[in-house]
Participant: 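Questions regarding the structure given below will be posed in turn.
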Amino acid sequence: MRSKALRSVLDAEAAFKAGRYDEAKKHGDQAIADSAGMQRYILIKMLERQSRSEQRISYF
């Protein structure tokens, strides 16, 4: 995959689904750091929305 940000998003989702929350946070932070502009804004907002959910099923 060419985009580092999207690869990190996929790695964060896979780690979250496997129950490795520390690794998911690391990959999620990396995805936000590697992204820019609208993509970065959307990742941050999706993370904020998911973190408030009691029935969270995905990292972003």
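Predicted model only: the values in this text are computed from it and were never measured.
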Participant: Taking only residues at least two apart or on different chains, which pairs with a member in residues 40-49 satisfy salt bridge (charged side-chain N to carboxylate O under 4.0 Å, His left out)?
Facilitator: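 Matches after skipping sequence neighbours: K45-E48.
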
Participant: What's the shortest heavy-atom distance between Q30 and S8, and which atoms?
Facilitator: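 Between these two residues, the closest heavy atoms are CG-OG, 3.6 Å.
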
Participant: For the CG atom of D11 and the CD atom of E13, what is their distance to the nearest 0.5 Å?
Facilitator: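 Those atoms lie 10.5 Å apart.
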
Participant: For A5 versus A31, what's the shortest heavy-atom pair and its separation?
Facilitator: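 Shortest heavy-atom contact: O-CB, 3.6 Å.
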
Participant: Could you tell me the separation between the CG atom of D34 and the OG atom of S3, rounded to the nearest 0.5 Å?
Facilitator: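 The distance works out to 7.5 Å.
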
Participant: Using 0.5 Å steps for rounding, measure from the OG atom of S51 to the NZ atom of K25.
Facilitator: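 Going from the OG atom of S51 to the NZ atom of K25 covers 10.0 Å.
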
Participant: Which value, rounded to the nearest 0.5 Å, describes the distance between Y59 atom OH and L43 atom CG?
Facilitator: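 Reported to 0.5 Å precision, the distance equals 10.5 Å.
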
Participant: Same cluster for I44 and F60 if Ile/Leu/Val/Met/Phe/Trp/Tyr side chains link at under 4.5 Å?
Facilitator: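 I44 clusters together with F60.
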
Participant: Check side-chain contact (heavy atoms from CB on, under 4.5 Å) between A15 and all other residues, then give those that pass, not counting sequence neighbours.
Facilitator: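 By the side-chain contact (heavy atoms from CB on, under 4.5 Å) rule, A15 matches R20, E23, A24.
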
Participant: What is the minimum heavy-atom distance between I57 and Q50, and which atoms define it?
Facilitator: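 So the two residues come closest at N-OE1, 4.0 Å.
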
Participant: Is M38 linked to L47 within one hydrophobic cluster, defined over Ile, Leu, Val, Met, Phe, Trp and Tyr using a side-chain heavy-atom separation of less than 4.5 Å?
Facilitator: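 Yes.
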
Participant: Between atom NZ of K4 and atom OG of S35, what is the distance when rounded to the nearest 0.5 Å?
Facilitator: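 Nearest 0.5 Å value for the NZ-OG distance: 12.5 Å.
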
Participant: Quick one: which residue pairs count as a ring pair (Phe, Tyr, Trp, His ring centres under 6.0 Å) with a foot in residues 7-53, not counting sequence neighbours?
Facilitator: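 Of all non-adjacent pairs touching residues 7-53, those that pass ring pair (Phe, Tyr, Trp, His ring centres under 6.0 Å) are F16-Y21.
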
